Colleague: 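Here it is, the structure, as structure tokens.
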Protein chains: 2
Amino acid sequence: MVVDQLSDAELDGLFQALSDGTRRDIIARVLGSDGGYSVSGLAAHYAMSFAAVQKHVAVLERALLITKEKRGREQIVRAHPEGLGKARRLLDEYEGIWRQRVRRIEEILTEG
Amino acid sequence: MVVDQLSDAELDGLFQALSDGTRRDIIARVLGSDGGYSVSGLAAHYAMSFAAVQKHVAVLERALLITKEKRGREQIVRAHPEGLGKARRLLDEYEGIWRQRVRRIEEILTEG
DNA sequence: CTAACCTACAACCAAATGGTTGTAGATCAG
DNA sequence: CTGATCTACAACCATTTGGTTGTAGGTTAG
């Protein structure tokens, strides 16, 4: 399998979204919440401006790692691990190839 | 478990390293090779300068995704999926939390 | 020895990133 | 209605990133 049909650009965005500690923390926080977080609810936890957190949320949304849902004047952020799965499957594939390779080398060494 | 002891900076570097198509291609190429690639052997495959590929290799090395081994005048690049595993384990953990949450919600709905 | 090759690294440049402040439109509370 | 709150978005700035060219040092081939 060629790992879904995820385009290069999609993967770029996915891994790039995951490459920032604040964004990973937002993911963890949202995953660990029951009802989700409003954007300002999230922003309250970080030592940066609201707008900065807003941008991080936008990056995560583009990468399909979260979704936003309007509720009144708030925008509720929830986990949407579709992107998560895609990224993990690529790493799985890489690791699979690696393990296969290690196994082959061991075979060659043992069976001589 | 708190996913090894990988520091934020380590994860930043890991995911950032994975967020570029050329670098992912280098990983795939090296994983798929038997003896590894020299840096210029790699560079031959990309429409960019040798120095650019050299920089990509350096990024991957810092992220523990590959290793370089000097052999004569060449530098042999090999896969070193330690970083790979770390990244995958974090995504696994995220997905685990998600699945747990989905299960809990289903329980609440069914046992109502 | 000399020439070719492989690598390292510095200096430079354009574009993207992560942050800021400021402005403005909705929505809710009193 | 009015004021406070939540969000969106633009403009700006410093730093990082991904690329370039150029120079220099080690290693191999002839």
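Chain identifiers are assigned alphabetically (A, B, ...) following the order of the sequence lines, protein sequences preceding nucleic acid strands; residue numbering begins at 1 within each chain. Predicted, not measured: the structure shown is a model, and the values here were computed from it.
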Colleague: By the 4.0 Å heavy-atom rule, please label B:Lys70 as base, sugar-phosphate, or nothing.
Modeller: nothing
Colleague: Would you indicate, yes or no, if C:dA8 has its OP1 or OP2 atom less than 4.0 angstrom from a side-chain nitrogen or oxygen of B:Gln54?
Modeller: yes
Colleague: Looking at A:Asp20 and A:Arg24, is any side-chain nitrogen of the basic one under 4.0 Å from a carboxylate oxygen of the acidic one?
Modeller: no
Colleague: What is the ring orientation for A:Tyr37 with A:His45, classed by angle as parallel under 30°, tilted 30 to 60°, or perpendicular over 60°?
Modeller: perpendicular
Colleague: Can you tell me if the side-chain N/O atoms of A:Gln75 get under 4.0 Å from OP1 or OP2 in D:dA8?
Modeller: yes
Colleague: Under 4.0 Å between a side-chain N/O of A:Ser49 and OP1 or OP2 of C:dG19, yes or no?
Modeller: no
Colleague: Tell me whether the side-chain N/O atoms of B:Lys55 come closer than 4.0 Å to OP1 or OP2 in D:dT20.
Modeller: no
Colleague: How long is the line joining CZ of A:Phe50 and P of C:dG18, in whole Å?
Modeller: 18 Å
Colleague: CG of B:Leu42 versus P of C:dA8: gap in Å, rounded?
Modeller: 12 Å
Colleague: So, is B:Ser40 close to the C:dC5 phosphate, meaning a side-chain N or O under 4.0 Å from OP1 or OP2?
Modeller: no
Colleague: Please evaluate residues A:Phe50 and A:Leu42 with respect to the criterion side chain to side chain contact (heavy atoms under 4.5 Å, CB included), reporting the C-alpha separation (whole Å), side-chain torsions for both, the decisive distance (0.1 Å), and the verdict.
Modeller: CA-CA 9 Å; A:Phe50 171 81; A:Leu42 281 173; over 6 Å; no
Colleague: Between C:dA16 atom C1' and A:Phe15 atom CZ, what is the distance in whole Å?
Modeller: 20 Å
Colleague: What integer distance in Å separates A:Glu61:CD from D:dA8:P?
Modeller: 8 Å
Colleague: Can you list the steps and then say if A:Met48 with A:His56 is a side chain to side chain contact (heavy atoms under 4.5 Å, CB included)?
Modeller: CA-CA 11 Å; A:Met48 65 185 76; A:His56 283 305; 3.9 Å; yes
Colleague: What is the distance, rounded to the nearest whole Å, between atom CD1 of B:Ile76 and atom P of C:dA8?
Modeller: 11 Å
Colleague: Quick one: label A:Thr22 by what it contacts on the DNA or RNA (base, sugar-phosphate, nothing), any heavy atom closer than 4.0 Å.
Modeller: nothing
Colleague: For A:Tyr46 and A:Arg29, test the side chains for any donor-to-acceptor distance below 3.5 angstrom and give the result as yes or no.
Modeller: yes
Colleague: Does a nitrogen or oxygen in the side chain of B:Arg73 sit under 4.0 Å from OP1 or OP2 of D:dG25?
Modeller: no
Colleague: May I have the distance from B:Asp20 (atom CG) to D:dT16 (atom P), rounded to whole angstrom?
Modeller: 18 Å
Colleague: Indicate, with a heavy-atom threshold strictly under 4.0 Å, whether B:Arg71 touches base, sugar-phosphate, or nothing.
Modeller: nothing
Colleague: What is the distance, rounded to the nearest whole Å, between atom CE of B:Met48 and atom P of C:dC13?
Modeller: 21 Å
Colleague: Specify the separation, in whole Å, of atom CZ of A:Arg23 and atom C1' of C:dG19.
Modeller: 12 Å
Colleague: Kindly point out which of D:dG19, D:dC6, D:dC9 is positioned nearest to the side chain of A:Glu74?
Modeller: D:dC6
